[in-house]
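After the structure tokens below, expect a handful of questions from me.
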Amino acid sequence: MGVSTSRNEHCRPRQSPINIYTKKVRYDSSLRPLYIYYDPKSSRRLVNVGHCFNVEFEDNNDKSVVSDGPLTGYYRLRQLHFHWGSSDQDGSEHVIDGQTYPAELHIVHWNAQKYPSFDEAVKHPDGLAVIGVLLKIGEANPVIQNIINNLDKVKTKNKECPFTQLDVSSLLPNDRNYWTYQGSLTTPPYSECVTWIVLQEAILISSEQLFHFRGLLCTSESEKPTCILENHRPIQPLEARVVRSSSK
Ligand SMILES: COc1ccc2c(ccc[n+]2C(=O)c2ccc(S(N)(=O)=O)cc2)c1
Ligand SMILES: [Zn+2]
């Protein structure tokens, strides 16, 4: 008879994304306002990573960080990327009261106060902090247009190009109220290392700009071209978690 282990190998209690049911979130007065400082000189390059594109930042200093909010210590900006759908009807990863959005921005930071590197940080439950910003259809977003104007240089998988002077703060909504919960990466290896900070106000993107995202290729130059039509993970069980809110 096999020895039963207390750790159930199928138990993954803190997966992301989730549906945020706003009637069940808990206002937590101990949550502080987010401290966010991004230096436009931190942005380095635009990379096609196959399932999406990343804007990557220099993370060997503390020039671009997030702290306070639900966090202990400070987290360094590492990269940002988007998730989108094959139509404007869905594409976000987080869902709010069952409502999907056409896309979602993820701004990825790692706990540089506690860990020596990003790769080490992803092995720990408090390793990453990801700010999630929902996108809704409206007029064209000039900052996103700046990224789109460079997508043809990274059309195929693993291509990269220099990308500097991106002011990430200009991608954030004015209202910095947020929901927060303990979750995971939404792509393999789905590591349960992320403190999620989902902003309560959405930013705008135009339908045409989303169309350009879908033209990015997940194939390399030598392969038959295949577009990244969608790259959002389905919502996962909340399990024993409670989502906290910074606002009533
Ligand atoms: C230790 O092995 C890893 C760790 C992280 C990896 C990764 C492969 C792709 C992306 N990443 C990421 O950095 C990553 C993946 C997902 C997200 S997300 N969509 O913000 O949850 C953020 C960042 C492999
Ligand atoms: Zn993501």
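In listed order, ligands and their atoms are each counted from 1. Bear in mind that the values here come from a model prediction, so they are computed numbers and not experimental data.
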Any salt bridge linking D28 with R244? Criterion: basic side-chain nitrogen under 4.0 Å from a carboxylate oxygen.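 A salt bridge is present here (some side-chain N lies under 4.0 Å from a carboxylate O).
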From L105, N231, L185 - option closest to atom 5 (C) of ligand 1 by heavy atom: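 Comparing heavy atoms across L105, N231, L185, the nearest one to atom 5 (C) of ligand 1 lies in L185.
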Sub-3.5 Å N/O-N/O distance, H51 and ligand 1: no
Looking at E56 and R45, does any basic side-chain N land under 4.0 Å from a carboxylate oxygen?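 Yes, charged N to carboxylate O under 4.0 Å.
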Is the ring pair Y181/W196 parallel, tilted or perpendicular, if the boundaries are 30 and 60 degrees?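 The rings of Y181 and W196 lie parallel, inter-plane angle below 30°.
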With R76 as the cation and F57 as the aromatic partner, state whether NZ or CZ is under 6.0 Å from the six-membered ring centre and within 45° of the axis. no
Contact between ligand 1 and W196 is defined here as a heavy atom of the residue under 4.0 Å from a ligand atom; is it met?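 Under 4.0 Å: yes for W196.
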Classify the contact between P189 and ligand 1 as side chain, backbone, both or neither, using a heavy-atom distance cut-off of under 4.0 Å. side chain
When you measure from the Zn ion (ligand 2) to each N, O or S atom of H81, which atom gives the shortest distance?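 Output for this pair reads NE2.
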Close approach, H81 and ligand 1, non-hydrogen under 4.0 angstrom: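 So H81 counts as touching ligand 1.
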Can you list the steps and then say if Q200 with R176 is a side-chain hydrogen bond (donor to acceptor under 3.5 Å, both in side chains)? CA-CA 7 Å; Q200 295 175 0; R176 301 292 172 87; over 6 Å; no
Mind checking whether H83 has a heavy atom under 4.0 Å from ligand 1? yes
Proximal heteroatom of H106 relative to the Zn ion (ligand 2) (N/O/S): ND1
Does the side chain of L135 reach to within under 4.5 Å of the side chain of L210, using non-hydrogen atoms? no
contact_flag K123 ligand 1 heavy-atom lt 4.0 Å: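 No, that is not the case, since the closest heavy atom of the residue is not under 4.0 Å from the ligand.
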Closer than 2.8 Å to the Zn ion (ligand 2), do we get an N, O or S atom from H83, backbone or side chain? yes
Closer than 4.0 angstrom: is that true for some heavy atom of T187 and an atom of ligand 1?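 Checking ligand 1 against T187, which is what was asked, there is a heavy-atom contact under 4.0 Å.
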